[in-house]
Amino acid sequence: MPVNTQVINQRQLSWQVGSLLISGGLLSIQHDLIRVAHMDTWFVYLLPTVYILFIAYVFTQLSMRLPGKHLFEINFILFGRWFGMLANMVLLIHLWFILVRDLRMLGKFIGTLLLPNTPEEMLVLLLVVMLMFYGRTSAEVISRVNDLFFPVFFALTLMLPFLLSNEMSFRLLQPILTTPPKQLGYAGLLSIGWYGDIIIVGAFLHMIWNSRQIHSALRHGSLMATALLSLLLLMEVAVLGPNIPGNLIYPDYSLVQHIQITDFLDRLDLFFLSIWFPIIVDKIIFIYLAFLIGITSLIRQRDYTLINSPVSLFLLLTTILAFKSTPEVFSFGNYSSPVLVLSYQPALLAAILLLMRRFPKRSPEHHGERSSSGKSQGHDRDGTSKGGNRHPGKQFGARLGAISGRTWLRAGNVLLVLGFVFVGAGLSFSRNYAIVGKLAGFGYAIVLALLLFVTHMEMRKAKDLAARSSPNSAQTS
């Protein structure tokens, strides 16, 4: 399929965002977060989630005003030739740092847990050969591969509380929200460094035509990542305690090693690794494709297959020469990433918001929303089918379907604010009243669960609106 006609759907983008954000937590950052925030570390992802939602808003506005263009092309349009090239070079340098960091960390991960006797250079070489193979394909291919593994990863992560129920002790989580707010803020800044990888989604804006789908997919994918990473941190503290995970290289792997179902199912960690590895590799390939798209944009092209081999060899050389020891890799990944992200992304996104206002919105989706909401309400106002069957499940589904996408969006924003209220109340009063911290922690968990549902419904509504407002659906109807 030609590069110019690549398409990924809304669900694939949301799952891709989830894989992109979760992979950093699996590889590196968890133990540093626990060192900083201790037993309250599962609250730290709330702050970077707000940052992700801001980026989602910027990308949505760009897709409405400049449809069919990716971020690198948009930079040339907004900033001109020379300043646009400067902005793209900064983005490319950041993507290069991310690839070097992740390739070396994945090599350390494999060398430590799976192949300890294999030279790390050979492991990195095999990873680069894999990048070279997928560099001849498109984002469609890696998105389909991610479709196979991400649902399994999602289900396995949700099953962890049941699989580890005999190892958990909720006393290790208490007292809840007694960590100084300053330390929680530092932990949130550290996690922003890994959540800042979301900027690469801008390289694929041209693959989804509907701006509402981009917005809802980014929101749902980021909140899936926040919920799953918060659950992993909660389980680490509840099983291993607030101190031991901070001294482990891979606390997530140590966590799943504690799973013991009878006497003959005590090595489920190998099964978990078989799911984790594709998720981590998917992230690296996705970033690599964005890196190729960014390089070819400098010569005003979209066919990146011609530069695939030299770019991959360049990555191999720089990755091997970049770091001398394991502590350097983890220090660069965990402490340099926030500096890199915050040094240019807020300024770049603010400049994009200002300059894009001279371009009018070209989205036809407003008419589609009005017509589709009218259809959904006029189709069945009492929640029954035309045949007169009154099923409670259908009535409830019809009422949910009648809610507009804007309402789901506002509900998600209200829930997010409510999460901050719970955390703020816990930090303010839990030192004197322990019950306030427990209620705040329980409320925060409920908010995350509701956010998953609300953003899922928002994504479904965006999909329905896109289907009803598309020309093909209009002709068939």
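Since the model is a prediction, treat every value here as computed from it, not as a measurement. Throughout, numbering of the chain's residues begins at 1 and tracks the sequence.
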Any side-chain heavy atom of [X] within less than 4.5 Å of one from [Y]?
{"X": "Leu78", "Y": "Met356", "result": "yes"}
{"X": "Trp194", "Y": "Ser28", "result": "yes"}
{"X": "Ile52", "Y": "Leu218", "result": "no"}
{"X": "Val145", "Y": "Val281", "result": "no"}

Looking only at the side chains, is there a donor atom on one of [X] and [Y] sitting less than 3.5 Å from an acceptor on the other?
{"X": "Asn146", "Y": "Gln12", "value": "no"}
{"X": "Arg101", "Y": "Asn334", "value": "no"}
{"X": "Lys283", "Y": "Ser19", "value": "no"}
{"X": "Tyr288", "Y": "Asn308", "value": "yes"}
{"X": "Thr60", "Y": "Ser211", "value": "no"}
{"X": "Tyr195", "Y": "Thr49", "value": "no"}
{"X": "Gln10", "Y": "Asn210", "value": "no"}
{"X": "Tyr344", "Y": "His94", "value": "yes"}

Crowding at [atom1], [X] (>12 non-hydrogen neighbours, <6.0 Å):
{"X": "Tyr57", "atom1": "OH", "result": "no"}
{"X": "Tyr253", "atom1": "OH", "result": "yes"}
{"X": "Arg35", "atom1": "CZ", "result": "yes"}
{"X": "Lys463", "atom1": "NZ", "result": "no"}
{"X": "Phe271", "atom1": "CZ", "result": "no"}

* **Ion pair check, Glu458 and Arg212, cut-off under 4.0 Å** => no

* Can we call the ring centroids of Trp276 and Phe109 under 6.0 Å apart? -> no

At their closest point, which heavy atom of [X] faces which heavy atom of [Y], and how far apart are they?
{"X": "His206", "Y": "Ala203", "value": "CE1-O, 3.1 Å"}
{"X": "Gly193", "Y": "Val341", "value": "O-CG2, 3.6 Å"}
{"X": "Phe59", "Y": "Gly202", "value": "CE1-N, 3.6 Å"}
{"X": "Phe76", "Y": "Arg81", "value": "CE2-O, 3.5 Å"}
{"X": "Gly68", "Y": "Arg302", "value": "O-NH2, 2.7 Å"}
{"X": "Gly135", "Y": "Tyr304", "value": "O-CE1, 3.4 Å"}

Mind checking the [atom1]-[atom2] spacing from [X] to [Y]? Nearest 0.5 Å is all I need.
{"X": "Glu328", "Y": "Phe323", "atom1": "CD", "atom2": "CZ", "answer": "7.5 Å"}
{"X": "Leu451", "Y": "Ile446", "atom1": "CG", "atom2": "CD1", "answer": "11.5 Å"}
{"X": "Asn88", "Y": "Ser297", "atom1": "CG", "atom2": "OG", "answer": "4.5 Å"}
{"X": "Leu21", "Y": "Thr226", "atom1": "CG", "atom2": "OG1", "answer": "7.0 Å"}
{"X": "Phe43", "Y": "Thr179", "atom1": "CZ", "atom2": "OG1", "answer": "9.0 Å"}
{"X": "Leu317", "Y": "Leu321", "atom1": "CG", "atom2": "CG", "answer": "5.0 Å"}

Parallel, tilted or perpendicular, as decided by the 30° and 60° cut-offs, for the rings of [Y] and [X]:
{"X": "His70", "Y": "Phe72", "value": "perpendicular"}
{"X": "His31", "Y": "Phe330", "value": "perpendicular"}
{"X": "Phe54", "Y": "Tyr51", "value": "tilted"}

* Asked: Taking the six-membered ring of Trp408 as reference, does the NZ or CZ atom of Arg406 fall below 6.0 Å from its centre and within a 45° cone about the axis?
  -> no

* To do: Applying ring-ring contact (aromatic ring centres under 6.0 Å, His included), run through Phe204 and Phe286 and close with a yes or a no.
  => CA-CA 10 Å; Phe204 305 97; Phe286 201 59; 4.3 Å; yes

* Test log, rule side-chain hydrogen bond (donor to acceptor under 3.5 Å, both in side chains), inputs Gln16 and Asp282 -> CA-CA 8 Å; Gln16 200 71 56; Asp282 172 87; 2.3 Å; yes

